[in-house]
Amino acid sequence: PKEVAQQLNNATRAVVDSTSVLVNYSDLAVAKPNDSGAQTGLSAATASVGEAISQLTNAAANLQAGVKECDMALENIN
């Protein structure tokens, strides 16, 4: 459905954008290894990529038939 496709598109865009930021901070950290700001940015960018990948994984899981219903049933059990 359209909502799931939009979520998948948004999650994919988040992975691309956060990966771009990670590459930029990686370049900066290599150029200035003692710059604490570069190291902090690199750490934050790494976390953002991981978060974006999790969002993409969740969006992709919703494409499979019955996944959302199973998740809801498990929430009700717990």
Side-chain angles (χ1 to χ4, degrees):
K2 191 174 185 177
E3 180 181 310
V4 173
Q6 186 63 41
Q7 288 175 349
L8 188 61
N9 187 37
N10 291 343
T12 302
R13 172 52 63 191
V15 170
V16 170
D17 291 344
S18 62
T19 300
S20 176
V21 171
L22 177 62
V23 169
N24 290 336
Y25 272 111
S26 296
D27 287 344
L28 183 59
V30 168
K32 298 179 179 182
N34 296 323
D35 183 347
S36 64
Q39 298 300 324
T40 300
L42 182 59
S43 179
T46 300
S48 292
V49 170
E51 198 173 301
I53 290 171
S54 292
Q55 291 174 359
L56 180 58
T57 301
N58 290 337
N62 286 332
L63 294 174
Q64 298 174 0
V67 170
K68 189 173 185 179
E69 291 80 5
C70 287
D71 287 343
M72 289 171 54
L74 287 172
E75 286 179 20
N76 289 334
I77 290 171
N78 295 326

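What you see is a predicted model, and the numbers here were worked out from it, not measured in a lab.
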Contacts under 3.5 angstrom, residues 25-36 side chains, donor-acceptor by atom type, not counting sequence neighbours:
from: Ser26; atom 1: OG; to: Leu22; atom 2: O; distance (Å): 2.8
from: Asp35; atom 1: OD1; to: Gly37; atom 2: N; distance (Å): 2.9
from: Asp35; atom 1: OD1; to: Ala38; atom 2: N; distance (Å): 3.4

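- Atom-to-atom distance recorded for Gln55:CD and Thr12:OG1 is 10.5 Å, nearest 0.5 angstrom.
- A search for side chain to side chain donor-acceptor pair (under 3.5 Å) contacts involving Asn10 returns Gln6, not counting sequence neighbours.
- Note: Leu56 CG to Asn9 CG = 10.5 Å, rounded to the nearest 0.5 Å.
- The distance from the CG atom of Leu74 to the CE atom of Met72 is 11.5 Å, given to the nearest 0.5 Å.
- Of all the heavy atoms in Ala52 and Ser18, the pair that sits closest is CB-OG, 3.6 Å.
- Here Thr19 contributes atom OG1 and Asn24 contributes atom CG; the two are 11.0 Å apart, rounded to the nearest 0.5 Å.
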